[in-house]
Participant: 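I have a structure I would like to understand better, so I am pasting it below and will then ask my questions one at a time.
Computed over heavy atoms, backbone and side chain alike; hydrogens, waters and symmetry mates excluded. Quick note on labels: first sequence line is chain A, next is B, and so on, each numbered from 1.
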2 protein chains.
Amino acid sequence: MAFITPKPQCEKVEKRPGCIQSALNILGDKWSPLLIGQLVSEPRTFGDLEVMLVGISPRTLSARLDKLTRENIIVRKQYNAHPPRFKYHLTEKGDDLEKILRTMADWGERYHE
Amino acid sequence: MAFITPKPQCEKVEKRPGCIQSALNILGDKWSPLLIGQLVSEPRTFGDLEVMLVGISPRTLSARLDKLTRENIIVRKQYNAHPPRFKYHLTEKGDDLEKILRTMADWGERYHE
DNA sequence: TTACAAAGTATAGTGAAAGGAACTATACTA
DNA sequence: TAGTATAGTTCCTTTCACTATACTTTGTAA
């Protein structure tokens, strides 16, 4: 009988394997946590974000926004018809990431430096 | 007067900039969250971890253990003198990461698939 | 009709992280 | 003294996230 990589301690932290990975798939890159942090309770335009995320290239910002949209973390909403202008909003799923960011921030606050 | 990249919304989530980054510096790579999860309440040897983290190369495991040791997340303790045998334990700082992992797991549990 | 801004896209290239396979060092054991 | 186990190290290659910069498209204003 095959033993399918059981990771026996997995359920100590997560009920199903992959749950932590699915959060890290969203938060594990350089810019996404910062980007999501900027959208908490305040929708932003591409240009806003380009200014706030100092050092990001438009290519990377575009790629992050695409990925987060595909993952249903943010949505792009038109707020002006002529000229067409858009803002990115957090979805409920995205908004719930704030809990994780806060827990991280608390940990960082305690142990930073 | 210079305006030093203020990120005005930063304090909405984290009190000081960099706190989230410092947590992600530990948790943001492929293996560290899994590795730390395996050490919660149960010290492990190199060989244990090599078996549990299915697919990890000894090179990568060694590099992760080094980094987490330098960051004071884990400690290497000798539990047998002859032959010399070691186990890796979480420090208090490392143990506190469990809160973050749990929050991530909760989020993943809710939104996975 | 030129000129300017917002919101991206296109092209080209770099660097760090991770993978794979083989190898080493030390200590015990038959 | 040959073999086995633990605990790594070394070398080489690949992948991919991110950077830099130029360009395009759509619409407004002078």
Participant: When the distance from CG of A/Asp48 to C1' of C/dA6 is rounded to whole Å, what number comes out?
Facilitator: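 So the CG-C1' distance, A/Asp48 to C/dA6, works out to 11 Å.
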Participant: Can you tell which of D/dG8, D/dT19, D/dC18 lies closest to the side chain of A/Ile56?
Facilitator: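 Per side-chain heavy atoms of A/Ile56, the pick is D/dT19.
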Participant: May I ask you to decide if A/Phe86's main-chain N or O and A/Gln78's side chain share a donor-acceptor pair within less than 3.5 Å?
Facilitator: no
Participant: Roughly how many Å is it from CG in A/Leu24 to P in C/dA18, rounded to a whole number?
Facilitator: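 To the nearest whole Å, that distance equals 12 Å.
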Participant: Less than 4.0 angstrom from a charged side-chain N to a carboxylate O is my criterion; do A/Arg64 and A/Asp29 meet it?
Facilitator: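 Salt bridge: yes.
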Participant: Can a side chain N or O of A/Tyr88 be found less than 4.0 Å away from OP1 or OP2 on C/dG8?
Facilitator: yes
Participant: Starting at the 5' end of DNA chain D, which residue's closest nucleotide do you reach first, A/Ser57 or B/Gly47?
Facilitator: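 Its nucleotide being nearer the 5' end, the pick is B/Gly47.
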Participant: Rounded to the nearest 0.5 Å, what's the gap from OH on A/Tyr88 to CG on A/Leu39? Could you check?
Facilitator: 10.0 Å
Participant: Distance check: side-chain N/O of B/Ser62 vs OP1/OP2 of D/dT9, anything under 4.0 Å?
Facilitator: yes
Participant: I need the CZ-P distance between A/Arg44 and C/dA6, as an integer number of Å.
Facilitator: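 After rounding, the reported distance stands at 16 Å.
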Participant: Over how many whole Å does the gap from B/Asn80 atom CG to D/dA7 atom C1' extend?
Facilitator: 14 Å
Participant: Choosing from D/dG8, C/dA7, C/dG8, which nucleotide comes nearest the side chain of A/Tyr79?
Facilitator: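 Nearest to the side-chain atoms of A/Tyr79, counting from C-beta on, is C/dA7.
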Participant: Does D/dA7 have its OP1 or OP2 closer than 4.0 Å to a side-chain nitrogen or oxygen of B/Thr45?
Facilitator: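 Affirmative; the distance criterion is met.
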Participant: Taking only the side-chain heavy atoms of B/Lys30 (C-beta and beyond), determine which of D/dA22, D/dC18, C/dG19 contains the nearest atom.
Facilitator: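 It is C/dG19.
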Participant: What contact category does A/Arg85 fall into here, base, sugar-phosphate, or nothing, at under 4.0 angstrom with non-hydrogen atoms?
Facilitator: sugar-phosphate
Participant: Does B/Glu14 reach the main-chain N or O of B/Ile20 with its side chain, forming a donor-acceptor pair under 3.5 Å?
Facilitator: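 Yes: the side chain of B/Glu14 pairs with the backbone of B/Ile20.
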Participant: Among D/dT28, D/dC18, D/dT9, which is the nearest nucleotide to the side chain of A/Pro83?
Facilitator: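 Given the options D/dT28, D/dC18, D/dT9, the side chain of A/Pro83 is closest to D/dT28.
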Participant: Nearest whole Å is fine: how far is C/dA17 P from B/Leu35 CG?
Facilitator: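 That distance rounds to 16 Å.
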Participant: If you only use heavy atoms from C-beta on, which nucleotide in C/dG8, C/dA10, C/dG19 is closest to the side chain of B/Trp31?
Facilitator: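 Minimum distance to the B/Trp31 side chain belongs to C/dG19.
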Participant: Among D/dG8, D/dT10, D/dC18, which nucleotide has an atom closest to any side-chain atom of B/Arg76?
Facilitator: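 Nucleotide nearest to B/Arg76's side chain: D/dG8.
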Participant: What is the distance from CG of B/Asp66 to P of D/dG8, rounded to the nearest Å?
Facilitator: 9 Å
Participant: Rounded to the nearest angstrom, tell me the gap between atom CZ in A/Phe86 and atom P in C/dT9.
Facilitator: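 Taking CZ of A/Phe86 and P of C/dT9, I get 11 Å after rounding.
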Participant: Identify, between B/Ala63 and A/Arg64, the residue whose nearest nucleotide on DNA chain D lies closer to the 5' end.
Facilitator: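 Mapping each residue to its closest nucleotide by heavy atoms, the 5'-most match is B/Ala63.
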Participant: Could you go step by step and tell me if A/Glu98 and A/Arg102 meet the salt bridge (Lys or Arg N to Asp or Glu O under 4.0 Å) rule?
Facilitator: CA-CA 6 Å; A/Glu98 199 198 335; A/Arg102 256 180 224 289; 2.2 Å; yes
Participant: Side chain of B/Arg59: nearest nucleotide among D/dA22, D/dC18, D/dT10?
Facilitator: D/dT10
Participant: Please give, in whole Å, the distance from D/dT6 P to B/His82 NE2?
Facilitator: 18 Å
Participant: Please determine, for the side chain of B/Thr60, which listed nucleotide (C/dA12, D/dT9, C/dA18) has the closest atom?
Facilitator: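 From the listed options, C/dA18 comes nearest.
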Participant: Indicate whether the side chain of A/Asp48 and that of A/Thr45 have a donor and an acceptor atom separated by less than 3.5 Å.
Facilitator: yes
